[in-house]
Asker: 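Sending over a structure as structure tokens; questions will come in a sec.
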Protein chains: 2
Amino acid sequence: MALMHFHALTRASENYPIGLMEEFTSSTLGEIPTLADVAAAAGVSTATVSRCLNTPDRVTKKTLNIVMETVDRLGYSPNYSARALAAGRTNTIGAIIPTMENAIFARGIQAFQEELQENGCTLLVASSSYRQDLEEEQIKTLTVRGADALLLIGYQRDPKIYEYLEKRKIPAVLTWASDPAEKHLSVGFNNRRAMRSLAELVLKNGHTKIGCITADTIANDRARDRVHGIRDAMEAAGLDPSDLIVQETQYSINKGDVAFRSLMSREDRPTAVMCGNDVLAVGAVRAASALNMSIPDDVSITGFDDIELASVANVPLTTVHVPHRRMGQFAAQALMSAINGKTPQSVELPTTICRRNTLGPAPKASKRNRS
Amino acid sequence: MALMHFHALTRASENYPIGLMEEFTSSTLGEIPTLADVAAAAGVSTATVSRCLNTPDRVTKKTLNIVMETVDRLGYSPNYSARALAAGRTNTIGAIIPTMENAIFARGIQAFQEELQENGCTLLVASSSYRQDLEEEQIKTLTVRGADALLLIGYQRDPKIYEYLEKRKIPAVLTWASDPAEKHLSVGFNNRRAMRSLAELVLKNGHTKIGCITADTIANDRARDRVHGIRDAMEAAGLDPSDLIVQETQYSINKGDVAFRSLMSREDRPTAVMCGNDVLAVGAVRAASALNMSIPDDVSITGFDDIELASVANVPLTTVHVPHRRMGQFAAQALMSAINGKTPQSVELPTTICRRNTLGPAPKASKRNRS
DNA sequence: ATGAAAAATGTAAGCGCTTACATTTTTACT
DNA sequence: AGTAAAAATGTAAGCGCTTACATTTTTCAT
């Protein structure tokens with residue numbers, strides 16, 4: 001409950017055009033007009049007005065004009081609660097993300113929202129603070145509030161939840177991960193493979209002592225997969241995967257800083273530190289600077305996500321680029337088609353490696369810079 | 001439309017206790033139960049069930065127990081659309097903030113949301129990208145969607161909007177600013193006075209050539225007030241307020257960086273740069289480092305807001321601390337009481353100066369570091 | 001022209017809930 | 001015990017909209 005950011009987002013615009021300022025001015029009369037008022041004023045039935053608003057192609061051009069003109073004149077706008085009650089759908093989609101404290105999910109969710117907007121839907125965002133129990137609570141809240149569909153992060157959750165959603169016929173798309181073995185609808189990327197690629201690059205630079213700063217690998221399947229990816233690469237390169245030095249913490253700049261220092265204070269300090277995401281990596285970079293270590297001469301650092309922070313950091317981050325925007329967009333499309341009774345396919349998006357300035361060859365001498 | 005982040009937030013929890021996992025499991029039967037189902041199962045009328053849920057004190061303890069037990073057993077949860085339609089209120093509050101791209105509003109809005117939550121309300125957040133036209137559109141969308149009340153940032157907007165809200169009887173609280181001269185309900189702080197205090201401190205450090213990086217002062221009244229505050233201090237100190245070098249830009253780290261460089265490339269480069277907010281200041285600090293200027297020896301920099309970024313920056317920022325959390329909380333309380341028919345009073349919160357490491361005495365010699 | 005099919009429109013039954021008002025039960029005095 | 005007032009409960013009328021179905025109008029091939 002505690003740290004949760006909250007939020008529900010929405011963006012402006014209506015399905016049918018209404019002059020905005022007119023809307024603010026017109027209809028100086030007392031009450032807020034209803035659909036019935038419009039019908040009366042236009043001399044048609046409520047059914048026709050409703051059709052003009054929702055399925056304009058099922059109505060004569062002439063009727064449409066009259067009705068829309070009346071709508072404008074009266075400054076009518078539909079009551080969403082009534083519409084939702086009668087139609088049995090709210091045109092609201094819920095998204096539950098682990099955190100809003102940093103920008104990890106911002107870009108993807110924004111794209112998701114934009115695409116939803118295109119389809120006349122509103123997004124409601126809730127945050128789970130990386131806690132499964134809170135996520136469950138949020139799922140309940142959102143569905144009870146009438147969400148027509150849900151966006152969730154990752155695969156890992158109580159199977160009961162999937163049953164619950166299925167029973168309520170609420171489609172859900174799982175994002176930020178992709179596992180062909182899982183049958184549930186998902187739009188994401190392969191965390192393990194992505195991190196493996198980056199790790200291979202690190203290895204190719206001659207690093208053999210590798211450290212890793214990651215989020216909790218028990219509850220967070222994306223984090224776990226990324227660590228797996230590093231181990232995969234090590235194994236493939238003939239190294240012992242269990243030599244990977246893993247430091248678990250939470251996603252924040254400060255935590256990354258602390259974890260990095262802890263890694264550097266070890267006897268067998270790694271020459272490359274692969275971070276579970278960019279936020280952690282930025283913290284690591286800051287710590288390195290504070291320790292007077294030069295990047296990448298003394299130590300290499302990598303990130304994951306390629307959020308804005310990555311390029312804006314002291315030293316631009318070498319990281320994995322995730323196509324967040326496309327992911328959000330595709331997720332929205334998948335959900336929309338699911339709502340409309342179709343059966344969308346899962347999609348796995350490719351990631352790329354973004355070479356910037358924090359990865360270099362492993363240092364030759366073990367030049368120490370105890371500060 | 002373009003850059004808008006989206007978002008609507010919500011946090012879990014119901015007014016009445018329902019075992020969560022039970023909820024996910026129970027009621028394996030076909031349909032989703034309605035209030036009428038509960039009434040039938042409990043052997044009471046729908047009115048009584050409704051009262052158990054909404055006004056438990058108007059019901060016998062015994063009845064309450066029976067009903068709640070039935071609610072639990074059936075896994076009933078109310079249909080919000082129906083409730084909203086029947087009750088004429090949605091328990092949804094809208095907030096329209098200029099941006100979600102950075103953390104400027106995050107803390108305050110989060111506190112706002114938390115307080116709302118306490119009162120059983122859900123928050124819907126929309127963003128206006130600092131554009132008045134988009135803000136108007138959002139206000140319309142949110143009210144049409146049924147928001148019971150609105151949180152808005154600053155005072156400056158078309159008076160028609162206030163009329164529109166008044167007509168619809170939708171209370172609105174203006175935040176992030178405070179002007180006793182304005183009669184509209186507000187919960188905020190005095191931007192002008194706050195910045196003036198900080199400027200006085202800068203002046204006291206011997207700076208006479210002062211630069212300022214700010215957001216657009218035409219559309220953004222908070223930004224304008226802050227610049228005014230600097231001028232006030234200069235004037236009071238016997239300096240010519242028009243000597244203030246003002247650089248207008250948008251709020252982003254990069255923009256702050258660029259603006260700072262521009263300021264430093266002038267003949268009459270300022271010895272102190274006061275930034276309109278912390279984001280800009282962090283950019284300025286980064287630019288200064290890049291230019292090999294030492295802070296605060298070569299140049300002083302100040303921020304505004306005291307967001308997390310401020311203390312996490314390369315050099316911890318001297319800035320104005322704004323009690324964001326209390327502001328959000330008070331704003332929520334004000335709105336809740338307005339919804340309940342009361343007439344809450346505006347409140348102005350005090351700000352404090354947060355002395356950290358970016359403000360120092362004006363340099364003696366004009367030591368130049370052209371890079 | 002004529003009639004069957006297609007298109008447009010109208011009628012009216014809810015969607016699931018709240019709440020004013022009516023009725024019944026309980027409480028608290030005398 | 002008896003009664004008026006208070007408390008609890010029930011009855012039923014909507015809230016504003018969508019939509020199945022019925023009806024009317026238009027279209028179009030013959």
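Only heavy atoms go into these numbers, but all of them, side chains included; no hydrogens, no water, no symmetry mates. Values in this document were obtained by computation on a predicted structure and should not be read as measured data. Chain naming here is simple, since letters A, B, ... match the order of the sequence lines and numbering starts at 1 in each.
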Asker: Between C/dA6 atom P and A/Arg58 atom CZ, what is the distance in whole Å?
Answerer: 13 Å

Asker: What string of B, S and - do you get for nucleotides 12-19 of chain C, 5' to 3', when a contact is any protein heavy atom under 4.0 Å?
Answerer: B-BBBBBB

Asker: In chain order, what residues pass the side-chain contact (heavy atoms from CB on, under 4.5 Å) check against B/Ala86, with sequence neighbours excluded?
Answerer: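 For B/Ala86 there are no side-chain contact (heavy atoms from CB on, under 4.5 Å) partners, ignoring immediate neighbours.
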
Asker: Just jot down the side-chain contact (heavy atoms from CB on, under 4.5 Å) partners of A/Ile170, sequence neighbours excluded, or say none.
Answerer: A/Thr143, A/Leu165, A/Arg168

Asker: Who pairs with B/Tyr130 by ring pair (Phe, Tyr, Trp, His ring centres under 6.0 Å), at least two apart in sequence or on another chain?
Answerer: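 Testing B/Tyr130 for ring pair (Phe, Tyr, Trp, His ring centres under 6.0 Å), a comparison that skips the adjacent residues, returns B/Tyr251.
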
Asker: Find the distance B/Lys61:NZ to D/dA7:C1' and express it as a whole number of Å.
Answerer: 16 Å

Asker: Scan the side chains in residues 326-336 of chain B for donor-acceptor partners under 3.5 Å anywhere in the protein, sequence neighbours excluded, and list what turns up.
Answerer:
from: B/Gln333; atom 1: NE2; to: B/Glu115; atom 2: OE2; distance (Å): 3.3

Asker: So, using side-chain contact (heavy atoms from CB on, under 4.5 Å) as the criterion, who are the partners of A/Ser81 when residues are at least two apart?
Answerer: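 Counting only residues at least two positions away or on another chain, A/Ser81 forms a side-chain contact (heavy atoms from CB on, under 4.5 Å) with A/Asn79, B/Ala84, B/Leu85, B/Thr90.
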
